[in-house]
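Small disclaimer: the values here were computed from a predicted structure and weren't measured. Residue numbers count from 1 along this sequence.
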Amino acid sequence: MGDSDKHSRLNKHEKRRKNTKLISILLILGAILVIILLGMWIFGGNGEEEMDEQNEQSAETREQEENTESDTIVNEDDSPENDSSDEDAEKEENEDQETKEEASEDDDEVETEQAEPSDDNVSEAYTGNWDPVGTEQEGSHTTDYSDGSQDRIEIDQAASVATGLDESSMSTFWVGNGGDQQVIATVGNADQEEYYRVFLSWVDNEGWQPTTVEMLNELDY
């Protein structure tokens with residue numbers, strides 16, 4: 001009986017020891033599991049935040065690159081190459097304009113030829129293919145030599161064209177009859193250093209047409 005009690009007590013003690021050991025193991029495993037879960041939650045949360053930050057940075061980088069590409073496309077027209085093309089086009093346009101102006105000047109250019117002086121006071125004489133200067137007069141024409149008349153105004157215009165003198169500063173010293181529907185005008189520059197004798201003919205409905213210009217040595221009207 002004594003041995004049975006002793007053996008029973010040993011069995012109970014062994015069971016309690018095993019139960020205590022199992023509980024300790026379970027507690028340790030539970031603690032480890034809790035630590036693992038906490039670590040996953042902490043580091044997993046930070047990882048997600050880092051991923052979110054990386055995704056945001058990537059999105060910002062892509063947006064900046066797209067904006068840069070857009071700016072590059074928009075500013076292509078302002079590139080030096082395009083500026084050069086614009087300058088070349090403008091230069092070519094200016095050259096074409098100059099060519100047209102030169103051609104127009106060539107068309108309007110008066111061809112002159114040396115002529116025989118009418119007297120010893122003439123240093124040089126020449127004829128030219130001047131056009132009539134135009135007129136406001138209509139119908140049959142009779143020359144009016146009086147100052148301020150339409151004939152005198154148009155004669156001054158024609159003399160200015162033939163001599164190259166500025167009509168606004170040109171001096172008209174004399175206008176006289178040079179024949180049927182013809183006149184002779186003596187004019188000079190503003191400084192009265194150059195004097196010209198201009199021969200003009202009347203063309204119906206077109207006005208006075210210069211025919212000959214003589215450069216005078218001195219004023220002789």
Side-chain angles (χ1 to χ4, degrees), residues 82-221:
N82 288 332
D83 291 342
S84 177
S85 299
D86 292 341
E87 290 177 359
D88 292 341
E90 183 177 356
K91 182 178 180 181
E92 184 176 351
E93 183 178 352
N94 291 336
E95 290 177 352
D96 291 342
Q97 183 65 27
E98 290 176 359
T99 301
K100 291 179 181 179
E101 290 177 355
E102 290 175 358
S104 177
E105 290 177 358
D106 291 340
D107 292 340
D108 295 338
E109 186 175 355
V110 175
E111 296 181 0
T112 60
E113 294 182 1
Q114 294 293 320
E116 189 71 22
S118 61
D119 57 48
D120 294 337
N121 191 34
V122 177
S123 61
E124 182 181 354
Y126 54 89
T127 60
N129 59 335
W130 296 281
D131 292 327
V133 294
T135 182
E136 296 181 3
Q137 302 179 64
E138 299 177 353
S140 60
H141 177 260
T142 301
T143 304
D144 183 355
Y145 294 96
S146 60
D147 291 338
S149 66
Q150 191 61 38
D151 275 308
R152 288 294 298 269
I153 292 173
E154 294 173 359
I155 288 170
D156 284 348
Q157 292 174 352
S160 172
V161 170
T163 60
L165 297 177
D166 184 357
E167 184 181 355
S168 63
S169 60
M170 182 183 72
S171 298
T172 301
F173 300 104
W174 181 80
V175 176
N177 191 346
D180 183 25
Q181 296 294 320
Q182 296 180 10
V183 297
I184 302 173
T186 302
V187 298
N189 64 355
D191 297 331
Q192 296 191 13
E193 295 175 347
E194 300 176 5
Y195 303 103
Y196 299 87
R197 183 186 296 147
V198 184
F199 296 79
L200 306 102
S201 297
W202 174 259
V203 179
D204 287 337
N205 301 317
E206 295 185 33
W208 290 102
Q209 179 181 24
T211 58
T212 304
V213 175
E214 295 181 336
M215 298 180 64
L216 305 179
N217 293 317
E218 59 183 10
L219 188 59
D220 65 349
Y221 71 97

Return yes if a side-chain donor-acceptor contact under 3.5 Å exists between Ser118 and Arg197, otherwise no. yes

Answer whether the closest heavy-atom distance between the side chains of Thr211 and Gln182 falls below 4.5 Å. no

Asp120, CG atom: more than 12 neighbouring heavy atoms under 6.0 Å: no

Gap separating the OG1 atom of Thr143 from the CD atom of Gln181, nearest 0.5 angstrom: 5.0 Å

Under 3.5 Å, is there a donor-acceptor pair between the side chain of Ser201 and the main chain of Gln209? no

Here the gap from Asp147 atom CG to Ile153 atom CD1, rounded to the nearest 0.5 Å, amounts to 10.5 Å

Dump the intermediate steps for side-chain contact (heavy atoms from CB on, under 4.5 Å) on Thr127 and Thr112, then the final yes or no. CA-CA 5 Å; Thr127 60; Thr112 60; over 6 Å; no

Just by distance, do the side chain of Ser123 and the backbone of Met215 share a donor-acceptor pair under 3.5 Å? yes

Using side-chain heavy atoms (C-beta onward) and a distance below 4.5 Å, is Tyr196 in contact with Met170? no

So, taking the atom named CG in Asp220 and the one named OG1 in Thr186, what distance separates them when rounded to the nearest 0.5 Å? 6.0 Å

For Gln150, enumerate each residue passing the side chain to side chain donor-acceptor pair (under 3.5 Å) test, keeping only those at least two apart in sequence or located in another chain. Glu154

Does anything in residues 160-191 form a ring pair (Phe, Tyr, Trp, His ring centres under 6.0 Å)? List the pairs, not counting sequence neighbours. Phe173-Tyr195, Phe173-Tyr221

Between the OG1 atom in Thr212 and the CD atom in Glu113, the distance rounded to the nearest 0.5 Å is 11.0 Å

In sequence, state the C-alpha distance, the side-chain angles, and the governing distance for Tyr145 and Val183, and then conclude on side-chain contact (heavy atoms from CB on, under 4.5 Å). CA-CA 9 Å; Tyr145 294 96; Val183 297; 3.7 Å; yes

OG1/Thr142 to CH2/Trp202 distance, rounded to the nearest 0.5 angstrom? 10.5 Å

Might you point out which heavy atoms bring Asn121 and Glu218 nearest each other, and give the distance in Å? ND2-O, 2.8 Å

If only side-chain N and O atoms count, and only distance matters, is there a donor-acceptor pair under 3.5 Å linking Ser149 with Asp151? no

Heavy atoms of Ala159 and Leu200 approach each other most closely as N-CD2, 4.2 Å

I'd like to know if the side chain of Asn129 reaches the main chain of Glu111, judged simply by a donor and an acceptor atom lying under 3.5 Å from each other, with no hydrogens or angles considered. yes

Quick one: do the Tyr126 and Glu124 side chains pair a donor with an acceptor below 3.5 Å? no

In Å and rounded to the nearest 0.5 Å, what is the CD to CG distance from Glu214 to Asp119? 6.5 Å

Kindly give the heavy-atom pair with the smallest separation between Ala158 and Val133, and that separation in Å. CA-CG1, 3.4 Å

Just so I know, are the side chains of Ile184 and Val175 near enough to count as touching, which here means a heavy-atom distance under 4.5 Å? no

Close side-chain approach of Val198 and Trp208, heavy atoms under 4.5 Å: no

Run Glu194 and Leu165 through side-chain contact (heavy atoms from CB on, under 4.5 Å) and show every step you take. CA-CA 10 Å; Glu194 300 176 5; Leu165 297 177; 4.1 Å; yes

Are more than 12 heavy atoms, taken from residues, nucleotides or ligands other than Glu138, located less than 6.0 Å from that residue's CD atom? no

